[in-house]
Engineer: 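Structure below; questions to follow.
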Amino acid sequence: MGFHLLSPSYCCGYQPSPPISHGLLRFRPVTGIPKPSPQKGQLHQSRRASKVLAYYGITTPPYKLDALEPYMSQRTLELHWGKHHRDYVDSLNKQLVKSPLYGHTMEELIKVTYNNGNPLPEFNNAAQVWNHDFFWESMQSGGGKLPQGGVLQQIEKDFDSYSNFRDTFVESAMALFGSGWVWLVLRTEEKKLSVVRTSNAICPLVWGDIPIIALDMWEHAYYLDYKDDREKYINTFMDNLVSWHAATVRMLRAEAFVNLGEPKIPVA
Amino acid sequence: MGGASLLSALACGVSSSSIGAPPHSFLCPTPNRRRKSRRKVRCAPITAQFELKPPPYPLDSLEPHMSRETLEHHWGRHHRGHVDSLNARIAGTQLEEMELEDVVVASYNKGSPLPPFVHAAQVWNHDFFWRSMEPGGGGKPSGELMGLIERDFGSFERMLKEFKEAASTQFGSGWAWLAYKANRLDVGNAVNPCPSEKDNKLVIAKTPNAVNPLVWDYSPLLAVDVWEVCDFSFLFFLSFFVFFFLKLYSGWQRACTDLPLMFRCKFVLFVQHAYYLDYENRRADYVSIFMEKLVSWDIVSSRLHIATARAAERAREDERRRREDDVEITNREAVEMYVDSDNDSEPE
């Protein structure tokens, strides 16, 4: 379970290529390393292949497809994950066959293909794969309620109160027109949490911010369960689905990159 | 004072049913008539409220290709929502008195859209979309439209292929269009150095979210809505039969209690996947059905007629203006030549 809650570049499925000894340009078969599950950024080396291929695989959500009932139906997950997410992965792999981009982790690939605002064709697929991974991990059965500990403190510091943050999040999601995502991000430059909404496939990684929670506002995410009642969908997400446990883990990791100030150590 | 009551009389006179009133009541209000006009002043001020126009066919007439539920939802809720939001947003602004197309172009604001834009554009787009369909539609176009299609795309099939591709590759939400391009650049003195008949041509365009080709000064002829809502409605329709059979099957499954759960789930998933449309093909199939069974080529032809007439009118106006400018320049040049020749003689 721990594996699923960490962001992809952190995952232990990533295997760096074994070092090639100097002067001997020999490919050694990968042995002695536990067989990785199909994950991102793996370089497959084999004696037969003369060309190094990289591919990305689909990850499964860290819960069964019916675990989020009745808030997100099994049918939605089957369609959303099984068809949409899978198709993004397949399209990305197809595109990468012809392009020179390989060997990146998913996060690197997104930044490279975003190309500072002039996205390459692979960007949409790569970003959507990552976004959906992140989205599945942002939810849990029995989720919602209040954030715990450090996250709650930070939210109260940056939004004045949890309900303020919740209102901002819901408002931002309702104001989104078309397809897109709503995020709770930790801004690296301003060193505070903030709510951000993005269009289509864009994700805050491209600006160097660290996402903490994501909500998919593409119609395919909620149409089957909520038709066009987006407010109900967003509120249900906040009350019953969002995984503050995942948010806490991500915050912990983010604090290694962003200095959020002195910790409040209680004085005896 | 007289002027004020005149104006208000004029204003209310237009809205109220006072067509039968004698015309000189506006010109010289007598005390009696002034009282009448004062009564008219109390009538409600004119506001241009956009209304939700129904499709020109009953909601169930597009069955079985587009179900009544789809239309009720798409028109009755989404389209209606946009109309209401638009009216709310333009109330009290200068956009209120404009025609819908002008509101769209004005609120697009040359690329930095104002808040009413999405609603105005979606109202216009949906109106256009409903009118682009008809019960028993489809088939092939004829006449001028077919001639232009063959001139600009090679063949009708190629145009279809390009249209489907545009619709399928529109990432996120948006629209796919067939439009008549006879636009003028938005620059003061843009002149086409080598004008030809082929400058005015049919094009296929795709736009994101609510944008439509009016903002580029094209004349749209045909639109298809490729927001995911439409893909879903289409999927619902085709899956209806699948789910009906699945329900029967799962009922039988429950009866066989000795079947292991894993096998049951996998089998059901397998059957669903076997019948589900592939994501790439779902939108393509929806657009195919739209083009084969729903599109109204008569309407498209009539729109083309209007568009070509407008382009011809513009060309005539441009020609006239160019001739006027030429005359002006010729006159000016004559004066300057006179002055120049005067100066030229001096140094010598």
Engineer: Quick check: are there more than 12 heavy atoms from other residues, nucleotides or ligands sitting under 6.0 Å from CD of A/Gln95?
Structural biologist: yes
Engineer: Identify the two heavy atoms, one from B/Phe171 and one from A/Ala201, that lie closest to each other, and give their separation to 0.1 Å.
Structural biologist: CE2-CB, 3.7 Å
Engineer: Kindly determine whether A/Glu219 and B/Trp227 satisfy side chain to side chain contact (heavy atoms under 4.5 Å, CB included), including the steps that lead there.
Structural biologist: CA-CA 8 Å; A/Glu219 279 167 333; B/Trp227 279 59; 3.4 Å; yes
Engineer: Hey, could you give me the CD/NE2 distance between B/Glu228 and A/His84, rounded to the nearest 0.5 Å?
Structural biologist: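 So the CD of B/Glu228 and the NE2 of A/His84 are separated by 5.0 Å.
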Engineer: Any chance CD of B/Glu69 has more than 12 other-residue heavy atoms, nucleotides or ligands included, within less than 6.0 Å?
Structural biologist: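 Counting neighbours around CD of B/Glu69, more than 12 heavy atoms of other residues, nucleotides or ligands fall under 6.0 Å, so yes.
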Engineer: Going from CG on A/Asn200 to CD on B/Gln170, what distance comes out if it is rounded to the nearest 0.5 angstrom?
Structural biologist: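 Going from CG on A/Asn200 over to CD on B/Gln170, the span is 7.5 Å.
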